[in-house]
Amino acid sequence: MESKTELQKEVLRDSLEGTLSDHPTQGSHGVNYHHAFTGTEGYAFYMPTLNLIGVGALNGAGAQISELGYKKALIVTDKVLVKVGAVDAITKILDGIKVEYAIFDGTEPNPTDIQVAEGLALLKKEDCDFIISFGGGSPHDCAKAIGVLATNGGIIQDYEGLNKTTTAMLPVVAINTTAGTGAEITRFAIITDSKRHVKMAIIDWKVTPTIAVDDPVLMVGMPRSLTSATGMDALTHAIEAYVSTISNPVTDASALHAMKLIKTYLRDAVHDGKNMKARDMMSYAEFLAGMAFNSASLGYVHAMAHQLGGMYNLPHGVCNAVLLPVVQEFNAKKVPILFIDIAEAFGHHDIGEDADLAVKRVLDDIRSLNNDIGIPKNLAEMGVKPEDFELLAENAMKDACGFTNPRVPTKEEVIELFRLSHVQ
Ligand SMILES: NC(=O)c1ccc[n+]([C@@H]2O[C@H](COP(=O)([O-])OP(=O)(O)OC[C@H]3O[C@@H](n4cnc5c(N)ncnc54)[C@H](O)[C@@H]3O)[C@@H](O)[C@H]2O)c1
Ligand SMILES: [Fe+2]
């Protein structure tokens with residue numbers, strides 16, 4: 001008779017093989033690494049100091065906050081999350097560890113400079129010594145901006161661009177509820193300038209949160225449309241990071257695995273929000289995609305999406321989803337070879353060296369995924385007006401996210417990309 005240990009090993013092996021054999025993207029791997037840019041100071045990798053992922057991560061955060069010895073938190077969140085009681089998950093933990101808090105629920109999707117100033121005023125009034133952001137990308141970005149102003153002074157416009165802060169921001173613990181923007185781990189804060197109606201990109205390693213928390217239990221309540229939009233945001237991060245001019249093997253590995261997971265699990269997460277495996281894998285996917293773009297940066301999908309968000313206050317993920325196939329078709333004319341690994345990550349193992357076939361498969365897959373998860377067909381459906389294309393294009397060309405796009409478009413080409421996305 002087999003010993004107990006042998007039996008356990010066999011069960012484990014069977015269950016692993018069972019899982020793998022069911023996995024439609026088994027065996028794919030990215031090997032066509034590209035290093036278009038070598039730089040003169042080496043590559044930098046940016047991550048929060050501590051990252052807690054998986055079921056129970058929220059409790060883990062409580063233990064860590066307790067150890068750090070902060071006195072009073074400003075919880076930066078939004079009214080919806082307060083209303084549905086989601087925020088109770090963190091306030092209960094803070095009560096348990098006897099850390100005081102004040103709640104700023106004034107963040108709205110596409111947070112503005114005005115909301116940042118309001119949050120800062122509350123932080124000062126309540127004398128908070130650290131910040132907890134609770135929600136999706138909007139509360140995280142708003143919290144980072146508040147944290148920057150608390151220690152650096154001035155207004156948030158002063159920090160638009162790359163590495164403009166001079167002092168570390170107030171510590172931020174970012175508890176994430178969407179999958180997602182990756183904002184809980186990134187060095188980006190995207191804040192709308194309420195006068196110019198543009199989204200400012202504050203890109204600065206000093207806005208990286210201290211602790212990032214991705215507990216999929218907090219993501220189960222996302223409605224379908226939010227799951228689709230945020231999932232496509234994550235896919236856009238992975239693809240833009242992969243084709244970025246400053247990608248490297250570490251960001252490539254993160255990006256390709258994120259693509260693989262999103263292709264496999266996003267449909268399930270959208271159509272059955274209670275599917276914990278899909279929620280869990282999507283939370284890893286958005287984290288991996290965040291890791292990829294945090295160091296490799298993004299491209300023209302984001303540069304253009306930010307303008308749509310700033311001008312029409314549209315959901316960020318939906319803007320990305322609609323622009324993604326059009327901008328990648330444009331990029332593929334310059335770097336078709338990169339689409340071989342993307343196709344492989346999407347589960348196409350019969351591509352060989354046929355880059356044209358890879359491009360076709362990837363674009364078809366993105367379009368059918370968009371269609372299956374209820375993303376609008378085009379920008380016209382979203383109320384975008386052709387008379388705005390010129391200004392949108394002009395501003396997109398100034399967005400720092402576009403600087404690493406593999407193909408540099410002219411203004412006319414950006415207008416054309418908006419036009420194609422409008423009618424596709
Ligand atoms: N900083 C970065 O690295 C980065 C990257 C990409 C996008 N962004 C920014 O992030 C913002 C978008 O963030 P987002 O897409 O995560 O959404 P969001 O934070 O704007 O939230 C959208 C809505 O979803 C609700 N919501 C959040 N979590 C929920 C949950 N678990 N259940 C039910 N409802 C929930 C919120 O209350 C809100 O009403 C944009 O402003 C975008 O520019 C930032
Ligand atoms: Fe994004």
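Please read all numbers here as calculations on a predicted model, not as lab measurements. Scope of the values below: all heavy atoms of this structure, side chains included, with no hydrogens, waters or symmetry mates. Atoms within a ligand are numbered from 1 in the order they appear, just like the ligands themselves.
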Checklist entry - Taking it one step at a time, do Thr227 and Arg279 satisfy side chain to side chain donor-acceptor pair (under 3.5 Å)? => result CA-CA 9 Å; Thr227 306; Arg279 290 292 192 195; 3.2 Å; yes
When you measure from the side chain of [X] to the backbone of [Y], do you find a donor-acceptor pair of N or O atoms at a distance under 3.5 Å?
{"X": "Thr192", "Y": "Gly310", "value": "no"}
{"X": "Thr404", "Y": "Thr245", "value": "no"}
{"X": "His306", "Y": "Val198", "value": "no"}

Item to check | Proximity flag Pro111 to ligand 1, non-hydrogen atoms under 4.0 Å | outcome: yes
Counting only nitrogen or oxygen atoms and a 3.5 angstrom limit, does [X] reach ligand 1?
{"X": "Phe188", "result": "yes"}
{"X": "Leu218", "result": "yes"}
{"X": "Asp141", "result": "yes"}
{"X": "Pro223", "result": "no"}

Less than 4.0 angstrom from a charged side-chain N to a carboxylate O is my criterion; do [X] and [Y] meet it?
{"X": "Asp129", "Y": "Lys72", "answer": "no"}
{"X": "Glu160", "Y": "Arg196", "answer": "yes"}
{"X": "Lys411", "Y": "Glu390", "answer": "yes"}

Could you work out, for [atom], the closest of [options] by heavy-atom distance?
{"atom": "atom 43 (O) of ligand 1", "options": "Lys199, Lys144, Arg187", "value": "Lys199"}
{"atom": "atom 6 (C) of ligand 1", "options": "His237, Lys83, Met219", "value": "His237"}
{"atom": "atom 26 (N) of ligand 1", "options": "Val80, Leu226, Thr177", "value": "Leu226"}

Should you measure from each heavy atom of [X], which atoms of ligand 1 turn up under 4.0 Å away?
{"X": "Asn110", "value": "40 (C), 41 (O)"}
{"X": "Thr230", "value": "15 (O)"}
{"X": "Pro139", "value": "19 (O)"}
{"X": "Leu81", "value": "28 (N), 29 (C), 35 (C), 37 (O)"}
{"X": "Gly136", "value": "16 (O), 19 (O)"}
{"X": "Phe293", "value": "3 (O), 5 (C)"}
{"X": "Ile190", "value": "43 (O), 44 (C)"}
{"X": "Thr186", "value": "1 (N), 2 (C), 3 (O)"}

Checklist entry - For atom 21 (O) of ligand 1, is some protein heavy-atom partner under 4.0 Å away? => result no
Item to check | CD1-NE2 distance between Ile262 and His237, expressed to the nearest 0.5 angstrom | outcome: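 Reported value, rounded in 0.5 Å steps: 9.5 Å.
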Mode of [X] contact toward ligand 1 - side chain, backbone, both, neither (heavy atoms, under 4.0 Å):
{"X": "Asp78", "value": "side chain"}
{"X": "His316", "value": "side chain"}
{"X": "Asp233", "value": "side chain"}

Do [X] and [Y] touch side chain to side chain, with heavy atoms closer than 4.5 Å?
{"X": "Phe330", "Y": "Glu413", "value": "yes"}
{"X": "Arg407", "Y": "Asn331", "value": "yes"}
{"X": "Val172", "Y": "Phe130", "value": "no"}
{"X": "Met259", "Y": "Leu235", "value": "yes"}

Quick one: nearest non-hydrogen protein atom to [atom], plus distance?
{"atom": "atom 30 (C) of ligand 1", "answer": "Met222 CG, 3.7 Å"}
{"atom": "atom 5 (C) of ligand 1", "answer": "Thr181 O, 3.3 Å"}
{"atom": "atom 19 (O) of ligand 1", "answer": "Ser138 N, 3.1 Å"}
{"atom": "atom 17 (O) of ligand 1", "answer": "Gly137 N, 4.2 Å"}

Checklist entry - What is the OD1(Asp233)-the Fe ion (ligand 2)-NE2(His302) angle, to the nearest 10 degrees? => result 100°
Checklist entry - If the Fe ion (ligand 2) is the vertex, what is the angle to NE2 of His316 and NE2 of His237, rounded to 10 degrees? => result 170°
Checklist entry - Would Arg419 count as a cation-pi partner of Phe389, with NZ or CZ less than 6.0 Å from the six-membered ring centre and within 45° of the ring normal? => result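 So Arg419 doesn't make the cation-pi contact.
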Checklist entry - Considering the options Asn152, Asp204, Thr151, Asp158, which one meets the side chain to side chain donor-acceptor pair (under 3.5 Å) requirement together with Thr165? => result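 With Thr165 as partner, Asn152, Asp204, Thr151, Asp158 yield a single side chain to side chain donor-acceptor pair (under 3.5 Å), made by Asp204.
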Item to check | NZ (Lys360) with more than 12 external heavy atoms under 6.0 Å | outcome: no
